[in-house]
Amino acid sequence: MDPEAATELARKGVTLLLLDVPQHTILGLDTQVFSVGPRFKGIKMVPPGPHFVYYCSPSRHGSEFAPTVGFFLTTHPSEVVVRKWHAQEERLVKLSEEEEIRYSEAVKRFEFDDHLGPYNLDSFGDWKQLSSYLSQSVIEHLEPIGGEITIALETSWMDRAPQTDMERRLMEQLREDKFAKMSPAQPERRGCYYTTIPASVKHKNISANELTLVNLDRTSLLESVLAKSYQDQEDFLLGELQFSFIAFMMGQSLEAFMQWKALVSLLLSCSEAPLHARTQMFVKFIRVIYYQFKHGFQRTHDSRSSEDKGNSLFLDEAWFSRDIFLYRLSKDFLTVILEAPVVDGDLLSWARKLKTLLETTFGWDLENSAANLIDEDDEFAPVVVEMDGSS
């Protein structure tokens, strides 16, 4: 970046002033992760817009890390966001309005400039692809009271959430030793305000055969959810899909994973909507999950993050097996689009890109015509209604 552009971004960019963060704390902003050094006081030259901050603090000897804590921000040009480390609670807290103004003015006089690391613009494109529908209204609607997202406050989910073998392995992964150092006890708080996604359609006035068909193609359920919960705002649903993915992948929230799974399962279980009434929505949807898989699901860490001890959720081999719910749903969904006699060009193009990515990233054989693998414990598996007296 040339000096003039850097100065302009320093003037119009956002500054995150993060005071007294303990050394060796793992701190992330969007797709970027840092290990806090002795001179660190924040990040400058941050592009305005939505962002996700997440961190986990080390024990005194650095061998264990507290559970990750994350929060979303919607920032504006030249804004200064100030947080200070609370030693007893081991988290970043807001300051009084008077203190925040005082620190903000000091930042604008460049008094902290030598202690601020620059935002890496080379990775900003990745973040934009992950947050393209993450508007301020989406964040304000979904974020919990206080804004903090952490598995440490999801004790009720830890007891009831796992539905499949893969999810049970995921929960154990989140409980393992690298997150063993629990933060000080806090009262149970309400989590994010996610939309309730029914696992199946229930109608009293239709036959069992019709009910089975409705649940195999969940277009009618999607239409109902869009009308009742999103006021038919497709982009808001996609924003919630991105919010939950970020909170799960970066914030390591089990609640967020369950919401992400519910939304993905609903959309991948539609065969009528993508080909007809909701074609453009499904072009957007495929693009969203394409970039989620591309940036979020990797078999190994790259060299830059190999020393991370607690910032990223390393997805074990269960995520790449054919037992995961994504395999069956993706295979069926892509087959519907790729084998349709008439299909929108953009939809077909993105479906082909997603198929190639899944085959290369996950190593899946999506051409295999063998019977689908269905986990009977999965609440989002197809619902087949037995008909009395059937032969």
Side-chain angles (χ1 to χ4, degrees), residues 1-19 21 26-37 40-55 68-83 92 94 100-101 103-143 147 149 235-236 238-247 249-251 284 287-288 290-292 294-296 302 304-305 311-312:
M1 183 186 302
D2 62 79
E4 185 176 341
T7 302
E8 182 69 7
L9 187 55
R11 187 172 66 86
K12 290 189 175 180
V14 176
T15 299
L16 301 183
L17 187 64
L18 308 173
L19 301 169
V21 180
I26 301 297
L27 186 139
L29 175 61
D30 305 338
T31 59
Q32 304 172 39
V33 181
F34 313 87
S35 179
V36 171
F40 176 86
K41 293 188 185 299
I43 305 167
K44 61 183 178 180
M45 302 166 66
V46 180
H51 296 284
F52 188 66
V53 179
Y54 49 107
Y55 57 89
T68 298
V69 178
F71 56 91
F72 286 92
L73 291 171
T74 303
T75 59
H76 307 282
S78 303
E79 183 179 0
V80 178
V81 177
V82 184
R83 297 287 190 275
L92 291 168
K94 295 181 179 180
E100 187 164 348
I101 291 173
Y103 279 115
S104 296
E105 290 175 347
V107 167
K108 292 175 181 178
R109 293 193 298 266
F110 298 102
E111 293 180 13
F112 288 96
D113 208 54
D114 291 343
H115 299 274
L116 302 174
Y119 187 95
N120 181 9
L121 291 176
D122 290 341
S123 65
F124 184 51
D126 294 346
W127 172 249
K128 287 195 292 184
Q129 291 169 344
L130 292 174
S131 61
S132 52
Y133 298 98
L134 196 61
S135 64
Q136 182 173 352
S137 60
V138 168
I139 292 172
E140 291 177 348
H141 182 78
L142 298 175
E143 67 181 350
I149 299 171
D235 287 0
F236 203 100
L238 297 174
E240 183 165 348
L241 180 64
Q242 292 184 328
F243 181 106
S244 57
F245 178 81
I246 292 164
M249 187 61 64
M250 300 173 186
K284 296 176 183 178
R287 190 162 57 228
V288 166
Y290 174 88
Y291 289 121
Q292 288 180 346
K294 179 181 178 181
H295 299 306
D302 61 29
R304 292 172 297 177
S305 61
N311 68 290
S312 298

Atom pair [atom1]/[atom2] of [X] and [Y] - distance to nearest 0.5 Å:
X: L16; Y: L73; atom1: CG; atom2: CG; value: 6.5 Å
X: R287; Y: Y290; atom1: CZ; atom2: OH; value: 12.0 Å
X: S78; Y: K12; atom1: OG; atom2: NZ; value: 7.5 Å
X: Q292; Y: S244; atom1: CD; atom2: OG; value: 7.0 Å
X: H115; Y: K44; atom1: NE2; atom2: NZ; value: 11.0 Å
X: F40; Y: S35; atom1: CZ; atom2: OG; value: 10.0 Å

Please examine the side chains of [Y] and [X], heavy atoms only from C-beta on, and report whether any two atoms are closer than 4.5 Å.
X: F245; Y: M250; answer: no
X: L27; Y: L18; answer: yes
X: Q242; Y: S132; answer: yes
X: T31; Y: L130; answer: yes
X: V80; Y: K108; answer: yes
X: V81; Y: T15; answer: no
X: Y55; Y: I26; answer: no
X: H76; Y: P48; answer: no

Is [X] reaching over with its side chain to a backbone N or O of [Y], donor-acceptor style, under 3.5 angstrom?
X: Y54; Y: D30; result: yes
X: T75; Y: G49; result: yes
X: S131; Y: L134; result: no
X: W127; Y: L29; result: no

* Asked: Sequence neighbours excluded, which residues qualify as side-chain contact (heavy atoms from CB on, under 4.5 Å) partners of Q129?
  ->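 Once residues adjacent in sequence are excluded, the partners of Q129 under the side-chain contact (heavy atoms from CB on, under 4.5 Å) criterion are D126, Y291, H295.
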
* Closest heavy-atom contact between D235 and K284? ->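 So the minimum-distance heavy-atom pair works out to OD1-NZ, 3.1 Å.
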
* Asked: Mind checking whether F112 and F110 have ring centres under 6.0 Å apart?
  ->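 Ring centres of F110 and F112 not closer than 6.0 Å.
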
* **F52 ring center within less than 6.0 Å of F71 ring center** =>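 No, the ring centres sit 6.0 Å or more apart.
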
* Where do S104 and V107 land on the side chain to side chain contact (heavy atoms under 4.5 Å, CB included) test, with the steps shown first? -> CA-CA 5 Å; S104 296; V107 167; 5.7 Å; no

* Matching residue for H51 among I43, V14, V46 - test: side-chain contact (heavy atoms from CB on, under 4.5 Å) ->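 So, applying the side-chain contact (heavy atoms from CB on, under 4.5 Å) to H51 and each of I43, V14, V46, only V46 qualifies.
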
* Going through the checks in order, is the side chain to side chain contact (heavy atoms under 4.5 Å, CB included) test met by K94 and E100? -> CA-CA 8 Å; K94 295 181 179 180; E100 187 164 348; 5.5 Å; no

* **Residues in salt bridge (charged side-chain N to carboxylate O under 4.0 Å, His left out) contact with K41, at least two apart in sequence or another chain** =>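 So K41 forms no salt bridge (charged side-chain N to carboxylate O under 4.0 Å, His left out) with any residue.
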
